[in-house]
Student: 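What follows is a single structure, and I will ask about it in a moment.
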2 protein chains.
Amino acid sequence: MPCDHHHHCAKEAWQFAEDLCAQKGYRFTDSRRQVFDVLISSHKALTAKEVMKKINNGQPPITYRALEFLTQVGLAHHIASINAYVGCAHHHQEGHVAEFLICTNCHEVEEVDLSSQLSALMVHAKASNFKPQETYVEMTGLCGTCQDS
Amino acid sequence: MPCDHHHHCAKEAWQFAEDLCAQKGYRFTDSRRQVFDVLISSHKALTAKEVMKKINNGQPPITYRALEFLTQVGLAHHIASINAYVGCAHHHQEGHVAEFLICTNCHEVEEVDLSSQLSALMVHAKASNFKPQETYVEMTGLCGTCQDS
DNA sequence: GCTGCAATTGTTAAAAATTAACAATTGCAA
DNA sequence: TTGCAATTGTTAATTTTTAACAATTGCAGC
Ligand SMILES: [Zn+2]
Ligand SMILES: [Zn+2]
Ligand SMILES: [Zn+2]
Ligand SMILES: [Zn+2]
């Protein structure tokens with residue numbers, strides 16, 4: 001049971017997503033809702049294939065387009081190290097950076113805000129005259145539950 | 001010209017690789033050498049396909065196996081955010097963590113040791129009883145050269 | 001209400017990336 | 001030299017992602 005407050009999470013996430021899309025004028029269409037639902041119904045990172053399976057065998061283009069949309073508007077994150085996606089309903093500021101703790105056994109993902117500790121990562125970029133676009137901080141390992149099993 | 005000291009780099013890298021393999025008893029075979037050579041001859045991250053092209057159209061299995069070997073013994077790193085590989089000849093301690101600054105334009109990669117600033121990343125893991133395996137800290141963006149062009 | 005246009009979807013299929021399977025070969029130690 | 005484990009060579013399958021284009025939808029202006 002990775003998350004006891006799960007239903008609560010999901011409900012708040014939906015509210016957040018609705019508001020975000022309404023406010024920004026994004027079209028929160030059926031296929032996008034379906035994919036968001038699949039992601040947000042779990043704290044695990046799901047591959048595109050896993051998402052498709054859960055949506056009545058959704059066709060790849062539709063799923064990939066929805067995943068891209070959600071990622072771009074901030075309702076999901078792409079976890080590069082395992083090539084999977086996780087839903088998100090946090091309010092992220094521009095330039096925000098998160099750290100993801102990814103269990104390699106159950107694929108549960110914990111998202112942690114790194115904004116306040118970002119300088120350690122940025123100092124090298126600045127010293128190298130590097131202009132950052134995206135930052136990925138991912139840590140794979142075993143969550144507490146999976147260490148015991 | 002991303003690296004003026006390039007030939008120097010490559011020579012030292014070869015020495016390092018030879019020593020490492022000899023010392024640890026790894027077999028530094030031809031195909032592994034070829035892939036290492038391709039990677040270390042550049043400071044850019046190369047996809048598996050790019051590596052294959054440079055090796056007289058090497059067959060996928062051979063290239064993937066060599067990349068896996070090099071990655072596991074520490075002579076290369078997998079850059080998850082762009083799904084590419086970069087050669088490495090640094091002496092990494094166990095549990096070492098590096099930050100990669102990856103230019104999205106030219107794919108030049110700068111590797112920075114993060115060991116001394118690691119606590120910021122680890123504090124959340126410890127608080128969550130998360131047992132880390134691999135850590136990816138990757139920042140995509142534009143290198144100094146590519147900002148000017 | 002219609003009309004036109006941009007955004008999104010549905011559908012088919014291709015392309016790209018990765019891996020499986022297994023035979024052939026190599027390196028090395030007994 | 002014999003045996004065995006590691007590695008390679010080869011073919012082909014599987015998985016993942018994208019291209020292409022027609023059909024549909026949502027919405028603004030008439
Ligand atoms: Zn988030
Ligand atoms: Zn777990
Ligand atoms: Zn390194
Ligand atoms: Zn560049």
Side-chain angles (χ1 to χ4, degrees), chain A residues 17-18 20-39 44-73 75-86 102 104 107 134 136 140, chain B residues 17-18 20-39 44-73 75-86 102 104 107 134 136 140:
Chain A
E18 298 284 4
L20 175 72
C21 291
Q23 189 181 349
K24 298 269 183 105
Y26 302 142
R27 284 172 56 185
F28 201 17
T29 61
D30 274 354
S31 63
R32 291 167 178 177
R33 281 169 192 271
Q34 284 184 60
V35 173
F36 181 71
D37 187 45
V38 168
L39 292 182
K44 297 180 193 300
L46 302 177
T47 64
K49 194 184 186 182
E50 287 170 329
V51 172
M52 282 184 257
K53 267 188 196 161
K54 297 209 176 199
I55 306 182
N56 192 26
N57 283 98
Q59 293 306 299
I62 297 173
T63 304
Y64 278 102
R65 289 191 283 228
L67 286 171
E68 189 186 6
F69 168 82
L70 295 173
T71 301
Q72 289 195 353
V73 306
L75 292 174
H77 295 292
H78 181 218
I79 308 296
S81 58
I82 60 171
N83 194 19
Y85 298 83
V86 63
I102 306 135
T104 51
H107 282 189
E134 301 283 332
Y136 296 80
T140 62
Chain B
E18 298 283 4
L20 175 72
C21 292
Q23 189 181 349
K24 298 270 181 100
Y26 303 141
R27 284 171 57 186
F28 201 17
T29 62
D30 274 354
S31 63
R32 291 167 178 177
R33 281 169 192 271
Q34 284 184 59
V35 172
F36 181 70
D37 186 44
V38 168
L39 292 181
K44 297 181 193 297
L46 302 177
T47 63
K49 191 183 187 183
E50 288 170 328
V51 172
M52 282 184 255
K53 266 188 197 163
K54 297 208 177 200
I55 305 181
N56 193 26
N57 283 98
Q59 294 305 300
I62 296 173
T63 304
Y64 280 102
R65 289 191 283 230
L67 287 171
E68 188 185 6
F69 169 83
L70 294 172
T71 300
Q72 289 195 353
V73 306
L75 291 173
H77 296 290
H78 181 217
I79 308 295
S81 59
I82 60 171
N83 195 18
Y85 298 83
V86 63
I102 307 135
T104 51
H107 282 188
E134 301 284 331
Y136 296 80
T140 62

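Residue numbers start from 1 in every chain, and the chains themselves are labelled A, B, ... in the order their sequence lines are given, proteins ahead of strands. As a basis for the values below, the full set of heavy atoms in this structure was taken, side chains included, without hydrogen atoms, waters or symmetry mates.
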Student: What pairs of nitrogen or oxygen atoms, one from the protein and one from nucleotides 8-10 of chain C, lie under 3.5 Å apart?
Tutor:
from   : atom 1 : to      : atom 2 : distance (Å)
C:dT8  : OP1    : A:Arg32 : NH1    : 3.3
C:dT8  : OP1    : A:Arg32 : NH2    : 3.3
C:dT9  : OP1    : A:Thr29 : OG1    : 2.2
C:dT9  : OP1    : A:Ser31 : OG     : 2.7
C:dG10 : N7     : A:Arg65 : NH2    : 2.8
C:dG10 : O6     : A:Arg65 : NH1    : 3.3

Student: Can you measure B:Glu68 atom CD to C:dA17 atom P for me and round it to whole angstrom units?
Tutor: 18 Å
Student: Counting distance only, does the side-chain N/O of B:Gln72 pair as donor-acceptor with the main-chain N or O of B:Phe69 below 3.5 Å?
Tutor: no
Student: May I have the distance from B:Glu50 (atom CD) to C:dA17 (atom C1'), rounded to whole angstrom?
Tutor: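 After rounding, the reported distance stands at 13 Å.
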Student: Is any side-chain heavy atom of B:Tyr136 less than 4.5 Å from a side-chain heavy atom of B:Glu134?
Tutor: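 Yes, side chains in contact.
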Student: Roughly how many Å is it from CG in B:Leu67 to C1' in C:dT19, rounded to a whole number?
Tutor: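 It is 14 Å, rounded to the nearest whole Å.
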Student: Quickly work out the B:Tyr64 OH to D:dT16 P distance and round it to whole Å.
Tutor: 13 Å
Student: Atom NE2 of B:His107 and atom CD1 of B:Ile82: how far apart are they, to the nearest 0.5 Å?
Tutor: 4.5 Å
Student: Separation of A:Gln59 atom CD from D:dA22 atom P, in whole Å?
Tutor: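 Rounding to the nearest Å, CD of A:Gln59 and P of D:dA22 are 19 Å apart.
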Student: Looking only at side-chain N and O atoms, does A:Asn83 come under 4.0 Å of OP1 or OP2 in D:dT17?
Tutor: yes
Student: Do A:Cys21 and A:Leu75 touch side chain to side chain, with heavy atoms closer than 4.5 Å?
Tutor: yes
Student: Can you tell me how far apart CG (A:Asp37) and NZ (A:Lys54) are? Round to the nearest 0.5 Å.
Tutor: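 Going from the CG atom of A:Asp37 to the NZ atom of A:Lys54 covers 10.0 Å.
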Student: Regarding B:Arg32 and B:Glu68, does a basic nitrogen lie under 4.0 Å from an acidic carboxylate oxygen?
Tutor: no
